[in-house]
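Below is one structure, written out as structure tokens; the observations come after it.
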Amino acid sequence: MGIQGLLPLLKSIEKPVHLKDYAGQTLAVDGYVWLHKGAFSCAQELCLGQPTQKYITYFMRKIDMFKFFGVKPYVVFDGGYLPSKAATEQERLSRREESKKAAMELLHSGKSKQAQDHFRKCVDVTPEMAYAVIQALEAAQVDFVVAPYEADAQMAYLEMKGLVHGIVTEDSDLLVFGCKRVIFKLDQYGSGIEILHENLSMVRDISFHEWTMTEIRHMCILAGCDYLPSIPGMGLKTAQRVLRRFKTFERAIKHLRMEYTGAKIKADYEEAFRKADLTFLYARVYDPVSHSMVHLNAVPEELEELVQTDEYDFLGP
DNA sequence: TTGTATAGCTCCT
DNA sequence: GCTATACAA
């Protein structure tokens, strides 16, 4: 889902770029994006369990494009799902099953063209597909890493450690994780748009002047993110207003509780907010240098013991 | 003005 | 996952 409405809000700081602008550099790539797009070319085969190589070919063509422009790709795959995302996954699964039923019926009545539309809605990227692509990457000596949980946090870590110069993705969450250089909408010719974190203060549609990374992260969580749905009626602009007025999210939530009478804000909302915030800060990632599991940012002393407990399995158990 | 709900898109020629 | 669009509070 990402952060609803974040990218349109950042239009004024978008910069058109081309892969060749990054010649000689390494860019982290969200493997899921290419896996999913590649799966579209062979949705029916994948849904019916028929053997196909098309999604691998598609993926490697993207890799070749990077190499053609002198850019080194560092592919990042998703690992396990966080417990906090289980509900979303279940919802997606049942929607896919519905589409598959419709696709099969159309196929059996000879309407293969219409069936294809439904196959594309039910196609899912499986770990087996990721593994097939990984083998092709190994053969081509392309760097990759499987994140213990979410690719987003893993890519943010690679950038933070200086292992990559920027991140290619379609997911606005990356900016909330604090990434410095994110490239969106990369097309088949190598064109895309770049957003730099340092330019956030220059956004015209909303005033982020003097805003810290913490405030921007809190605004995004309040407006709804993958780890916590928003309070009904709370979008980015309203979230920005209440945070500007009340300074901290605790005070903002307290105020919203008084204003929004009734059961609109659940009793555990503030607790859930804190957990979402900690996930953006301290998600578990893999460190390719030391070959060990670490947290995205150094965990402060007062939290060190807590993050080891089951209470904190939302960071990745 | 702002948020939400819905539909259409990702492949390829 | 994204965007574009129409509609609602």
Side-chain angles (χ1 to χ4, degrees), chain A residues 1-11 14 29-47 50 52-62 65 76-78 81 85 88-89 91-93 95-96 98-99 102-103 112-125 129-130 133 147 150-153 155 167-177 179 182-189 191-193 195 204-207 219-220 222-227 229-244 256 259-260 262 264:
Chain A
M1 226 166 55
I3 309 298
Q4 291 281 342
L6 182 58
L7 254 34
L9 208 61
L10 306 181
K11 270 248 166 341
E14 284 182 354
V29 170
D30 188 345
Y32 176 83
V33 174
W34 291 347
L35 270 169
H36 198 246
K37 286 184 177 180
F40 251 72
S41 63
C42 48
Q44 183 170 328
E45 291 95 318
L46 289 169
C47 287
Q50 295 167 350
T52 176
Q53 299 277 323
K54 282 186 195 166
Y55 66 93
I56 305 171
T57 309
Y58 174 84
F59 204 106
M60 297 314 286
R61 199 159 55 226
K62 295 286 189 185
M65 178 175 75
V76 179
F77 294 97
D78 270 312
Y81 290 113
K85 276 185 153 182
T88 318
E89 281 312 307
E91 198 179 305
R92 283 180 185 166
L93 182 71
R95 201 169 303 167
R96 280 199 300 270
E98 288 292 308
S99 298
S112 59
K113 202 104 194 136
Q114 285 153 276
Q116 203 172 40
D117 288 340
H118 287 85
F119 276 125
R120 282 172 179 175
K121 280 178 195 158
C122 70
V123 72
D124 182 30
V125 173
M129 288 166 66
V133 167
E150 300 208 273
D152 298 353
M155 292 191 288
I167 291 154
V168 176
T169 186
E170 300 298 329
D171 192 342
S172 52
D173 271 350
L174 270 296
L175 293 162
V176 189
F177 276 105
C179 293
V182 188
I183 300 147
F184 296 98
K185 306 188 220 306
L186 192 73
D187 69 16
Q188 57 180 329
Y189 308 108
S191 297
I193 57 143
I195 295 182
R204 276 197 292 273
D205 305 62
I206 194 169
S207 176
M219 174 191 74
C220 289
L222 210 49
C225 64
D226 284 0
Y227 314 119
S230 68
I231 297 162
M234 183 65 59
L236 282 167
K237 298 198 176 179
T238 312
Q240 195 253 8
R241 271 201 306 273
V242 296
L243 279 174
R244 163 150 295 190
L256 290 168
E259 199 177 68
Y260 285 53
K264 275 184 185 168

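By convention in this document, chain letters (A, B, ...) are assigned in the order of the sequence lines, proteins followed by strands, and residues within each chain are numbered from 1.
In this structure, K11(A) and G2(A) both approach DNA chain C, and ranking their closest nucleotides by distance from the 5' end singles out G2(A).
Here the P atom of nucleotide dG3(B) and the CG atom of L222(A) are 11 Å apart, to the nearest Å. Distance, Q240(A) CD to dG3(B) P: 11 Å, rounded to whole Å. Between K121(A) atom NZ and dT6(B) atom P there is a gap of 14 Å when expressed in whole angstrom units. The OH atom of Y55(A) sits 19 Å away from the C1' atom of dC12(B) (whole-angstrom rounding). Protein atom CD of E45(A) is 13 Å distant from nucleotide atom C1' of dC12(B), rounded to whole Å. Rounded to whole Å, atom P of dT1(B) lies 17 Å from atom CG of L236(A). Taking atom CG of residue D187(A) and atom P of nucleotide dC9(B), one finds them 18 Å apart after rounding to whole Å. If you take CG of L9(A) and C1' of dT3(C), they are 15 Å apart, rounded to a whole angstrom.
In this structure, R95(A) places its CZ atom where only 12 or fewer heavy-atom neighbours from other residues, nucleotides or ligands lie under 6.0 Å away.
Looking at heavy-atom distances under 4.0 Å, Y58(A) makes contact with sugar-phosphate atoms alone, never a base. Within 4.0 Å of T169(A), counting heavy atoms only, lies no atom of the nucleic acid at all. Nucleic acid contact class of K237(A) (heavy atoms, under 4.0 Å, all strands): sugar-phosphate only.
For R120(A) and dC11(B), a side-chain-to-base donor-acceptor distance below 3.5 Å is present, hydrogens and geometry of angles not being considered.
Contact check for D30(A) versus I167(A): no side-chain heavy atoms found under the 4.5 Å cut-off. Looking at heavy atoms from C-beta onward, V176(A) lies out of side-chain contact with C225(A) at the 4.5 angstrom threshold.
The side chain of K185(A) lies closest to dT3(C), out of dG3(B), dC11(B), dT3(C). Closest to the side chain of F40(A), out of dT10(B), dC2(C), dT2(B), is dT10(B). Ranking dT2(B), dC11(B), dT3(C) by closeness to the R61(A) side chain, first place goes to dC11(B).
Ring geometry, H36(A) versus F40(A): the interplanar angle exceeds 60°, so the pair is classed perpendicular (tilted spans 30 to 60°). Between F59(A) and F77(A), the ring planes are parallel. Angles under 30° get that label, and only those over 60° would be called perpendicular.
A sub-4.0 Å separation between OP1 or OP2 of dG3(B) and a side-chain N or O of S230(A) is absent. Put simply, S41(A) has no side-chain N or O that comes within less than 4.0 Å of OP1 or OP2 on dT10(B).
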